[in-house]
Amino acid sequence: MKQFIYADNAATTKVAPEVLEAMMPCFGDVYGNPSSLYTKGQEAQTLLQGAREKIASLLNCKPTEIFFTSCGSESDNWAIKGAALANAKKGKHIISTKIEHHAVLHALQALEKQGFEITYLDVDEYGIVSAESVRAAIRPDTILVECMYANNEIGTLQPIREIAKICRENKVICFTDAVQAVGNVPIDLEELGVDMLALSGHKIHAPKGIGALYIKTGTRVSTFLDGGGQERGRRGGTENVAFAVGLAKALEMAIAKLPEMNKVQAMRDRLIDGLLKIPHSRLNGSREKRLPGNCNISFEFIEGESLILLLDMMGICASTGSACSSKSLEPSHVLLAIGLPHEKAHGSLRLTISHETTDAEIDYILEKVPQVVDRLRQMSPLYEDYLNGKI
Ligand code: PLP
């Protein structure tokens, strides 16, 4: 029987049957516009409000602080551009890091063209930003600090609580892109202390096309989409009630499963240890401060793209770098930022597993990846040079 193993959960996830079931009434009877005053509209409004309240209670914030968006990228754009626009009179300096997702990096680059100055902080060899480097970079004209909670490529977890504390002490807005972290690690917004946090549904078994932005009460952020007053007048557009309901259900399920994350982590560790037995391999990112399902390994002398295609033929879905950059042949900016030379950055493999991954699947991956790496090395001129002592 042909194998099919989905090991690319950081790219996206399958919609959970329970999520689909929760959304179904919105595709049937509950079709009203939540802004309509009559009963049919109010039925939809009740579901929408219920979803908002559930998400707020799961993340420990107020329902009025949760704003639905269409995806993580929109949440990132809103937080960054909205904070910049609303605070430009105070200053035009923003701090971020070199390993952010392109939704953040490109939003920041757009602001640079409008006269904002961005400091992109370095990370260490494990991809971790030091909170003290944030403190050192803050200036009187700094208005925003943005740092991702967990990296999408190498899974590294950042010291967000410390960074948020430094921001509070300096009266600077703190935003975290937590698209990869929400549902994979415990998050309590009150305890975390950030002013804004972005999340996305399709990473946690909700559909593609829904995200949310947490905006702490009192945070100065401009309206993202002018429209009919939806989302408390800050993000116009008739709300996607079905997907908001799906997001709330997916988050509830992900958080309920957090205590079992140690099983995912144990499988991930077996995967990492097994793959590191392949000669000339290295783990990218921190061993300890890492998302429970993330394994990112570089293999010298081979191309990640070829690895992905051969693994696909064996029924394994994996990735090299982030899904968004997989169409480009540029090496990953994240791997370059942690100090990998171009040739090593090219040969990286990201496997991201979930609760649905089985031990038998890990065995299969551990059997196939060494074979594929070996096959590619046999064809690699670089490997031949290495064997002949030329490099
Ligand atoms: N931020 C991070 C860290 C991500 O991993 C992603 C998606 O891969 C995004 C933002 C963008 O989210 P979306 O695909 O929902 O736009």
Side-chain angles (χ1 to χ4, degrees), residues 59-62 65 75-101 103-105 107-108 111-112 116-152 154-182 184-199 213-222 285-286 288-291 334 337-338:
L59 297 176
N60 197 16
C61 66
K62 297 184 204 127
E65 296 174 321
S75 301
D76 285 342
N77 270 267
W78 182 3
I80 291 168
K81 293 174 183 168
L85 204 63
N87 297 280
K89 281 206 181 101
K90 182 186 164 209
K92 289 192 150 194
H93 179 236
I94 296 173
I95 299 168
S96 187
T97 83
K98 290 190 176 161
I99 59 159
E100 299 301 313
H101 188 271
V104 166
L105 288 180
L108 291 172
L111 288 178
E112 278 180 291
F116 286 84
E117 194 189 329
I118 322 289
T119 300
Y120 298 96
L121 297 175
D122 284 321
V123 292
D124 68 12
E125 60 182 306
Y126 301 108
I128 296 176
V129 184
S130 102
E132 282 313 309
S133 73
V134 173
R135 190 193 297 281
I138 292 178
R139 315 188 311 209
D141 61 339
T142 306
I143 51 170
L144 172 69
V145 170
E146 188 288 330
C147 179
M148 71 198 322
Y149 198 116
N151 185 267
N152 45 303
I154 57 175
T156 318
L157 297 165
Q158 304 297 344
I160 300 300
R161 200 164 359 140
E162 289 87 323
I163 292 174
K165 186 165 174 278
I166 291 169
C167 289
R168 267 198 314 281
E169 286 164 10
N170 290 277
K171 297 192 171 46
V172 173
I173 296 173
C174 182
F175 165 52
T176 185
D177 169 354
V179 166
Q180 292 289 343
V182 169
N184 284 308
V185 293
I187 290 183
D188 177 325
L189 281 167
E190 196 165 313
E191 189 223 12
L192 191 61
V194 295
D195 301 298
M196 291 189 284
L197 175 142
L199 63 107
L213 180 64
Y214 157 74
I215 307 179
K216 191 180 174 160
T217 308
T219 310
R220 285 173 59 90
V221 191
S222 66
S286 160
E288 296 80 30
K289 293 180 180 157
R290 178 177 207 100
L291 283 172
V334 176
I338 62 171

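The two residues I80 and E146 come nearest to each other via the heavy atoms CD1-CG, 4.4 Å. The two atoms that bring P159 and A131 nearest to each other are CG-N, 4.2 Å, heavy atoms only. R290 and G285 make their closest contact through NH1-C, 3.4 Å (heavy atoms, listed as atom of the first residue, atom of the second, distance). The minimum heavy-atom distance between F116 and A88, with the atom names listed, is CZ-CB, 4.0 Å. The two residues V221 and A79 come nearest to each other via the heavy atoms CG1-O, 4.5 Å. Listed here is the closest heavy atom pair of A137 and L121: CB-CD2, 3.9 Å.
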Show every donor-acceptor pair shorter than 3.5 Å between a side-chain atom in residues 190-199 and any protein atom, with sequence neighbours excluded, or say none if there are none.
unit_1: D195; atom_1: OD2; unit_2: C174; atom_2: N; d: 2.7

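Remark: Y126 OH is loosely packed, at most 12 non-hydrogen atoms of other residues, nucleotides or ligands lying under 6.0 Å away.
For residues 171-181, no pair satisfies side chain to side chain donor-acceptor pair (under 3.5 Å), with sequence neighbours left out.
Taken from CG in L144 to OG1 in T219, the straight-line distance is 10.5 Å, to the nearest 0.5 Å. Atoms CZ and CD1, from R161 and I187 in turn, are 11.5 Å apart once rounded to the nearest 0.5 Å. Interatomic distance, I95 CD1 to S133 OG, rounded to the nearest 0.5 Å: 8.5 Å. With rounding to the nearest 0.5 Å, the separation of OG1 in T142 from CG in N87 is 11.5 Å. Of the inter-residue distances, the one linking I138 atom CD1 with N170 atom CG reads 4.0 Å to the nearest 0.5 angstrom.
Under the rule for a side-chain hydrogen bond (donor to acceptor under 3.5 Å, both in side chains), T156 has no partner lying at least two apart in sequence or in another chain. Residues meeting the side-chain hydrogen bond (donor to acceptor under 3.5 Å, both in side chains) test with K81, sequence neighbours left out: N77. With sequence neighbours excluded, no residue satisfies side-chain hydrogen bond (donor to acceptor under 3.5 Å, both in side chains) with E162. For T119, the side-chain hydrogen bond (donor to acceptor under 3.5 Å, both in side chains) criterion is met by H93, not counting sequence neighbours.
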From CA spacing to verdict: side-chain contact (heavy atoms from CB on, under 4.5 Å), V134, C147: CA-CA 10 Å; V134 173; C147 179; over 6 Å; no

Worked verdict on Y120 versus L105 for side-chain contact (heavy atoms from CB on, under 4.5 Å): CA-CA 9 Å; Y120 298 96; L105 288 180; 3.8 Å; yes

CA sep, side-chain torsions, deciding dist, call: V179, H101, side-chain contact (heavy atoms from CB on, under 4.5 Å): CA-CA 10 Å; V179 166; H101 188 271; over 6 Å; no

Candidate pair F175 and I94, rule side-chain contact (heavy atoms from CB on, under 4.5 Å), full reasoning: CA-CA 11 Å; F175 165 52; I94 296 173; over 6 Å; no

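A distance-only check finds a donor-acceptor pair linking the side chain of E65 to the backbone of T217 [under 3.5 Å]. Using modelled atom types, one side-chain atom of W78 and one backbone atom of S222 make a donor-acceptor pair closer than 3.5 Å. Side chain of N151 to main chain of I99: a donor-acceptor pair is present (N/O by atom type, distance under 3.5 Å, no hydrogens or angles). One N or O on the side chain of Q158 and one on the backbone of G127 form a donor-acceptor pair closer than 3.5 Å.
Taking 4.5 Å as the limit, every side-chain heavy atom of K92 sits out of range of all side-chain heavy atoms of L111. Looking at Y214 and L59, their side chains never come closer than 4.5 Å, going by heavy atoms from C-beta outward. For the pair I173 and I143, the minimum side-chain heavy-atom distance is 4.5 Å or more.
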